[in-house]
Amino acid sequence: MKRRFAFFAILGLAACAYGKVDLVTLPVRDAVQLTIYNSADLTLARERRTLTFAEGANALQFSWANTLSDPTSLEMLPRGHAAEIDIAELVFPPRTRNLGLWNINSEVSGKVPVEISYLTSGLSWRAFYMGTLAPDEKTMRLQAYVRVTNNSGEDYENAQVRLIVGKVHLLDEIAQLARRPHAYGSPIQRVGDDWLAGRAVKKELEVRLNLEYDAMAVCDAPMDAKQIIKEGLSEYFLYTIEGTETIPNGYSKRLLSFEVDDVPVVNLYKFEEDQYGAEVVRFLSFANDADHELGETPIPGGVLKAYRRVDDQRHLSYVGESAFKYIPVGEDVELNFGPVRDVVVEPTLMNFATDNYRFDRKGNVAGWDEQRTFEVKVRNTRDVPIQVEIRRNFETSYWTLTQGNDIGAFETVDVDTVKFTLTLPARSQKTFEYTLTTYEGTRREAWKRLAR
Amino acid sequence: MNGKRLILLAIVVLLAVAPMASARIKLVALPERAATVIRLDNPNATLIEEERVLTLQKGLNKVDFSWKGVQIDEDSIRLDVLDHPEGVNLLSVSYPPDEAALVWEISSGGNYAETVRISYLLRNIDRLITYKAIADKAETQVGLRSYLVLRNFSGEDFEKARVLLDYGEAFEQGIDHEETKRMLFLKAPKVPIRKIWTFDAAQLPWDPERLENQNVGIPVSYRIVNDAASGLGQFAMWGGKARIFQDDGHESTIFLGEDNAPLVPVGEKMELYIGDSRDIVVTQRKMKDTRINLRKNDAGRIVLYDTDELITAKIENFKDSPATLTMIQHIEGQWDMKKCNLECKRKDASTLEFEIELPARTEEGPAVKELSMHYHRRNVRTR
């Protein structure tokens with residue numbers, strides 16, 4: 001294991017004699033816990049070590065190299081004899097980097113377990129999913145994975161790995177804090193240096209992306225499934241991976257988060273010219289609830305690659321992929337697979353008329369009605385049943401709508417949008433009609449009465 | 001202390017009153033600092049007070065105060081005579097050309113070992129305040145710690161100084177040039193908090209369905225009151241970065257988020273924004289927006305009208321715990337509320353604030369509340 005964190009204890013010193021380090025012990029980590037966030041380049045590292053204290057003043061030096069850890073987050077907490085150990089101060093000595101020195105007064109001598117925590121960067125995780133649709137597309141086998149990547153510069157051996165789902169508010173990037181020449185910055189303003197620091201960050205990010213890409217190609221071997229314990233805390237979900245993991249620097253690990261065999265799904269197709277243009281967009285819809293064999297925890301956002309089982313020999317057809325957002329327990333999921341051509345929605349203007357003209361005192365036109373009759377043809381050319389949602393947007397809030405037949409009952413979405421929902425069996429077609437009346441000029445004054 | 005002495009004090013004793021020599025003579029005695037105070041009560045400037053003993057002779061004395069490699073506001077330099085204020089008079093202060101120095105001309109009524117206090121504003125030495133709060137699992141209270149961070153980039157080493165803030169006891173601390181020290185100075189183990197979710201209709205998107213693959217995060221804050229009931233309230237809490245953690249129930253913590261705490265006077269509230277909730281979803285829509293009560297000019301053109309507007313908001317709590325959502329709605333101009341199904345507080349002429357209690361989700365699904373605001377905007381002029 002590459003050791004990049006070093007711990008020195010200087011015992012029995014009254015003052016900070018960091019120029020003349022008297023090395024007494026170099027204690028190893030007893031345990032490491034990594035809590036990795038996915039909304040920011042942020043990991044809370046917590047290590048336990050057993051230190052040997054002398055009665056009186058102790059100076060403990062903690063240093064690191066080749067990692068991007070935030071020195072301002074460095075904390076030490078005695079896990080024993082807490083009342084007898086006073087952590088007086090943390091000193092960042094002059095003309096040193098990546099080094100903190102604790103001055104500690106101890107009323108005990110001997111071994112004391114301590115916990116050291118800090119925020120570091122370079123560890124990341126993401127969720128991704130594989131969905132396998134049944135031939136009838138009524139159910140889907142859903143496999144959820146998490147992938148943890150270590151580009152921190154440190155090898156973490158036998159670490160307890162915890163993953164946080166949620167959006168954390170950060171004022172500064174940890175990596176930027178780590179790169180500052182002085183732990184808490186300096187009151188001296190240096191505009192030019194900030195610009196240089198910005199350039200350095202960009203370069204570093206480029207390197208990291210490359211590393212991750214390489215690791216993906218080399219290290220994506222399937223792992224034995226481990227249980228992941230999930231629990232809610234504040235606005236976050238905490239995933240704790242069973243046991244411990246060793247993730248060397250530069251490596252990624254993929255772990256199965258959960259697997260559900262038969263999630264009922266709806267083939268949902270949407271048509272809305274304002275949002276998607278003239279194309280029909282395919283969605284796969286389900287809910288994160290018990291009715292869909294889910295609903296125990298929120299589902300972290302990620303990308304789902306969907307396949308369809310096409311025969312009894314377990315051959316697959318690739319349907320596509322869809323990114324989706326974080327899904328709370330109980331909320332519907334709509335996976336967007338993009339525009340399709342095998343479901344067609346064709347709205348056609350069949351008739352246009354104007355009526356109810358009003359004139360002002362000078363004889364000019366002051367108000368009128370416009371009537372448009374649309375015929376909407378919906379064709380399902382697929383061999384599975386589907387649901388189609390058609391939204392029609394109007395450019396005015398003064399409108400009334402009448403339907404020409406029973407097909408496609410509509411509901412009002414908002415002031416200028418209505419929604420028709422249709423269910424179509426395999427290889428079928430439906431046609432519905434509606435007449436939209438819009439009220440212009442002074443005819444809007446009559447709209448309130450007419451709209452009732 | 002590394003032995004650098006960058007602020008120098010020298011005494012030239014002039015026994016006869018004579019015009020100042022063009023080439024200045026320096027260094028008769030170099031008195032050591034007796035006591036130094038670093039005063040950090042002003043966040044914009046740091047005042048140094050140092051006491052030195054000057055050996056003054058009866059008559060006119062010149063005291064040369066010079067510095068190098070440090071930035072002193074020379075207009076801020078003061079000299080106070082402590083032992084014989086009646087017998088020792090500061091006559092003048094002169095600034096030699098092209099030098100970081102000044103010369104005090106002091107008249108002494110006797111031969112004194114006079115203690116003087118020299119004070120000046122020194123740049124690039126300051127203090128920061130940081131906070132660390134650990135919330136309990138139920139998020140009802142936090143253990144609050146505040147740290148003082150001393151940063152000395154002034155160019156001067158302070159071997160031992162008394163450090164003074166605007167409250168609390170002074171403490172002794174040495175700090176070298178380019179050194180940073182962090183010290184605990186406030187510990188409040190059980191500070192009650194209130195967790196607040198806020199939806200501001202002017203700040204957040206109304207309809208999450210219109211956003212492709214994006215959650216609308218509802219900002220979440222902790223509210224802390226700086227008063228005695230919170231175990232605080234003895235002094236104003238300085239502004240600084242606050243990092244908030246939460247006890248995870250497994251002898252460990254998770255990091256919840258961080259925010260810049262403002263200065264909080266005694267009795268006032270501090271709100272720390274920690275992150276966004278994606279388990280409360282607000283879908284707000286305008287369901288009606290029409291013109292009514294039209295008033296026209298002689299040409300029949302509408303010049304004044306009222307509006308008939310209906311806004312609905314569906315609030316869903318997907319969390320397994322209850323929450324109180326603060327919802328802020330804005331109606332500009334002159335308006336009348338015709339019907340509103342939830343109680344609200346009018347914050348100002350155009351702002352309404354709703355406190356909406358949301359139960360936890362059930363097995364049937366999320367807890368849902370709906371807001372419906374039917375209002376008229378009055379006397380809107382046609383442009």
Side-chain angles (χ1 to χ4, degrees), chain A residues 33 35 37 42 44 46 72-73 75 87-95 117 119 162 164 166-171 182-188 232-236 238 275 289-290 298 301 323-326 328-331 336 360-362 366 397-398 412-415 442 444-445 447-448, chain B residues 123-126 128 130 132 135 137 139 149 151 153 176-184 210 212-215 217 220 241 243 246 248 252-260 273-279 281 285-292 294 299-300 308 316 318-320 361 363 365-366:
Chain A
Q33 183 191 68
T35 307
Y37 291 70
L42 167 72
L44 173 60
R46 178 172 277 110
T72 69
S73 66
E75 287 274 355
I87 299 172
E89 60 185 13
L90 173 62
V91 180
F92 298 100
R95 295 165 288 285
S117 63
L119 297 173
R162 312 193 308 169
I164 292 282
K167 193 178 170 198
V168 67
H169 180 237
L170 278 185
L171 297 170
H182 308 291
Y184 278 89
S186 155
I188 303 168
L233 278 171
S234 189
E235 299 306 314
Y236 304 100
L238 176 66
Q275 187 145 4
D289 60 17
F324 63 91
K325 61 183 185 179
Y326 166 92
V329 172
E331 196 177 51
N336 182 340
D360 63 19
R361 283 182 296 168
K362 291 181 179 174
S397 54
Y398 299 89
T412 305
V413 176
D414 61 23
V415 69
T442 55
R444 289 181 175 176
E445 296 163 35
W447 172 84
K448 197 171 179 184
Chain B
R123 287 203 183 141
N124 301 323
I125 177 167
D126 69 355
L128 303 173
T130 66
K132 182 178 181 184
K137 208 174 172 191
E139 297 181 278
V149 178
R151 304 189 298 180
F153 292 82
D176 283 352
H177 171 55
E178 292 193 340
E179 189 170 52
T180 301
K181 287 191 170 183
R182 187 178 80 191
M183 290 152 278
L184 179 70
R210 295 284 174 190
E212 284 287 321
N213 293 324
Q214 279 181 53
N215 295 93
V220 180
K241 183 189 268 191
R243 282 184 163 153
Q246 187 189 12
D248 64 4
S252 187
T253 58
I254 65 164
F255 176 58
L256 292 183
E258 64 185 19
D259 198 7
N260 269 327
Y273 165 43
I274 56 168
D276 293 335
S277 172
R278 298 179 293 182
D279 291 319
V281 176
R285 286 174 180 156
K286 183 170 266 191
M287 302 305 287
K288 190 193 273 185
D289 185 3
T290 56
R291 294 178 180 189
I292 57 170
L294 307 178
D308 186 23
E316 296 167 283
F318 293 93
K319 294 163 65 66
D320 57 5
R361 70 159 195 264
E363 285 184 4

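Given the structure is predicted, the values throughout are model-derived calculations rather than measurements. Atom set for the values below is all heavy atoms of this structure, side chains included, hydrogens, waters and symmetry mates excluded. Naming convention: chains lettered A, B, ... in sequence-line order (proteins, then strands); numbering from 1 in each chain.
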For this session: May I ask you to say whether A:R162 pairs ionically with B:D248, meaning some side-chain N is under 4.0 Å from a carboxylate O?
Result: yes

Seminar exercise, completed: One option among A:E75, A:Q275, A:Q33 has the most heavy-atom pairs under 4.5 Å with chain B, and it is A:E75

Problem set entry | Heavy-atom proximity to chain B below 4.5 Å, by part of A:T442 | side chain

Seminar exercise, completed: Heaviest contributor of heavy-atom pairs below 4.5 Å to chain B, chosen from A:K167, A:R46, A:E445, A:K362, is A:R46

For this session: Begin with the C-alpha distance, continue with both residues' side-chain angles, and end with the deciding distance and a verdict on side chain to side chain contact (heavy atoms under 4.5 Å, CB included) for B:I254 and A:Y37.
Result: CA-CA 10 Å; B:I254 65 164; A:Y37 291 70; 4.0 Å; yes

Problem set entry | Which portion of B:N260 sits near chain A, non-hydrogen atoms under 4.5 angstrom | both

Exercise. Quick check: does any side chain N or O of B:E258 sit under 3.5 Å from a backbone N or O of A:L171, one acting as donor and the other as acceptor?
Worked result: yes

For this session: Could you walk me through whether A:H182 and B:F153 pass the side chain to side chain contact (heavy atoms under 4.5 Å, CB included) test, one step at a time?
Result: CA-CA 10 Å; A:H182 308 291; B:F153 292 82; 3.3 Å; yes

Seminar exercise, completed: Looking only at A:A366, A:G232, A:G185, A:A88, the option with the highest number of non-hydrogen pairs under 4.5 Å against chain B is A:G185

For this session: Return yes if some donor-acceptor pair links the side-chain N/O of A:E235 with the main-chain N/O of B:D276 below 3.5 Å, else return no.
Result: no

Exercise. Would you say A:K325 and B:Q214 make side-chain contact, with heavy atoms under 4.5 Å?
Worked result: no

Problem set entry | Part of A:L90 within contact of chain B (heavy atom distance under 4.5 Å) | both

For this session: Could you look at B:L294 and say if it's the side chain, the backbone, both or neither that has a heavy atom under 4.5 Å from chain A?
Result: side chain

Exercise. In terms of heavy-atom pairs under 4.5 Å, which option from A:I87, A:V413, A:T412, A:N336 contacts chain B the most?
Worked result: A:V413

For this session: Against chain B, work out which of A:D289, A:L233, A:L42, A:V168 has the most heavy-atom pairs shorter than 4.5 Å and name it.
Result: A:L233

Exercise. Between B:Y273 and A:H169, what is the ring plane arrangement, given parallel below 30°, perpendicular above 60°, and tilted in between?
Worked result: tilted

Problem set entry | Side chain, backbone, both or neither of A:R361 within contact of chain B (heavy atoms, under 4.5 Å) | side chain

For this session: Please lay out, stage by stage, how B:E179 and B:R151 fare under the test salt bridge (Lys or Arg N to Asp or Glu O under 4.0 Å).
Result: CA-CA 6 Å; B:E179 189 170 52; B:R151 304 189 298 180; over 6 Å; no

Exercise. Is there side-chain contact between B:F255 and B:I274, with heavy atoms separated by less than 4.5 Å?
Worked result: no

Exercise. Would a 4.5 Å heavy-atom cut-off, applied to side chains only, mark A:S234 and B:E139 as touching?
Worked result: yes

Problem set entry | A:F324 portion near chain B, given a 4.5 angstrom heavy-atom threshold | both

For this session: Return the option, out of B:E316, B:M183, B:K241, B:R243, with the maximum number of heavy-atom pairs under 4.5 Å with chain A.
Result: B:R243

Exercise. Taking B:V220, B:T180, B:I292, B:V281 one by one, which has the highest count of heavy-atom pairs under 4.5 Å against chain A?
Worked result: B:T180

Problem set entry | N/O donor-acceptor pair under 3.5 Å between A:S397 side chain and B:D289 backbone | yes

Exercise. Does any heavy atom of chain A fall under 4.5 Å from the side chain of B:T130, the backbone, both, or neither of them?
Worked result: side chain

Problem set entry | Cation-pi, A:Y326 ring and B:R278 (6.0 angstrom, 45 degrees) | yes

Seminar exercise, completed: Tightest non-hydrogen contact, residues A:G330 and B:F318, listed as C-CE2, 3.5 Å

Problem set entry | Closest-packed option against chain B by number of heavy-atom pairs under 4.5 Å, given A:D414, A:L238, A:T35, A:V329 | A:V329

Seminar exercise, completed: If one checks every heavy atom of B:R182 against chain A at 4.5 Å, the contacting part turns out to be both

Seminar exercise, completed: Honestly, the part of A:A323 sitting under 4.5 Å from a heavy atom of chain B is both

Exercise. Side chain, backbone, both or neither: which part of B:R123 has an atom under 4.5 Å from a heavy atom of chain A?
Worked result: neither

Exercise. Of the backbone (N, CA, C, O) and the side chain (C-beta and beyond), which part of A:Y184 lies under 4.5 Å from a heavy atom of chain B, both, or neither?
Worked result: both

Exercise. Which region of B:L128, side chain (C-beta onward) or backbone (N, CA, C, O), has a non-hydrogen atom less than 4.5 Å from a non-hydrogen atom of chain A, or is it both or neither?
Worked result: side chain

Exercise. So which part of B:A135 gets closer than 4.5 Å to some heavy atom of chain A, the side chain, the backbone, both or neither?
Worked result: neither

Exercise. Who among B:L184, B:I125, B:D126, B:D320 has the most heavy-atom pairs with chain A under 4.5 Å?
Worked result: B:D126

